[in-house]
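Structure, as structure tokens:
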Amino acid sequence: MIVRKLSEARQSDRRVRSDNWESTRLLLKNDQMGFSFHITTIFAGTETHIWYQNHLESVYCISGKGEVETLTDGKIHTIEPGTIYILDKNDEHLLRASEEMELACVFNPPLNGKEVHDESGVYPLEADTVS
Ligand code: 9YT
């Protein structure tokens, strides 16, 4: 069994930060679970263009408010505590936070941790990363 504490992981290199969000990777590829698990904070007032072409992701909202827009059809879905959105088609999307949001995120395949320093594996279109 593996046990980790978010408060401790946040003090380590598991925590990464960009202009629009910060994320603590609690579970990564080398744990050999077949998925990775992250607690991500999206900063209030931000819009982030995301397109995980190599990963499927589920995102559960713990707190805060926002919306996600899928770019193929322009549909907008509100996000509030208890909402999960599931990117089952590697959906390109815009993630907006009207309030700071705390999200629990699961990736398949798992992130390997290199994305901490080089996000190209997460966001293959480098020009389209966090705005
Ligand atoms: C909301 C979202 O897509 N979060 C992804 C996890 C975070 N960007 C990370 O750990 O890289």
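Order of listing sets the numbers, starting from 1, for every ligand and every atom in it. Numbering of residues begins at 1 and proceeds along the displayed sequence. The structure displayed is predicted, hence computed values, not measured ones. The figures that follow rest on heavy atoms only: side chains count, while hydrogens, waters and symmetry mates do not.
Inclusion of Arg25 in the set of residues having an N or O under 3.5 Å from an N or O of ligand 1 is warranted.
Using a 4.0 Å cut-off between heavy atoms, Val16 makes no contact with ligand 1 at all.
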Side-chain donor/acceptor pairs under 3.5 Å, residues 33-42, sequence neighbours excluded:
from	atom 1	to	atom 2	distance (Å)
Ser36	OG	His38	NE2	2.8
Ser36	OG	Leu111	N	3.0
Thr40	OG1	Ser23	OG	2.9

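Listed by atom number, the atoms of ligand 1 under 4.0 Å from His38 heavy atoms are 9 (C), 10 (O). Under a 4.0 Å criterion applied to the non-hydrogen atoms of Ser23, ligand 1 contributes the atoms 6 (C), 7 (C), 9 (C), 10 (O). For ligand 1 and Leu103, the ligand atoms under 4.0 Å from any heavy atom of the residue are 1 (C). The Tyr52 neighbourhood of ligand 1 comprises atoms 2 (C), 3 (O), 4 (N), 5 (C), 8 (N), with distances under 4.0 Å to a heavy atom of that residue. Counting the atoms of ligand 1 from 1 in the order shown, those under 4.0 Å from a heavy atom of Leu95 are 1 (C).
With salt bridges taken as basic N to acidic carboxylate O contacts below 4.0 Å, none links Asp13 and Arg25.
Ring pair His93/Tyr85 is perpendicular by interplanar angle, where above 60° counts as perpendicular and below 30° as parallel.
Residue pairs meeting the side chain to side chain donor-acceptor pair (under 3.5 Å) criterion with at least one partner in residues 57-67, sequence neighbours excluded, are Glu67-Arg96.
Of the candidates Glu57, Met101, Arg15, it is Glu57 that places a heavy atom closest to atom 4 (N) of ligand 1.
A donor-acceptor pair shorter than 3.5 Å can be found between the side chains of Glu92 and His49. Between the side chains of Thr48 and Asn20, at least one donor N or O lies within less than 3.5 Å of an accepting N or O.
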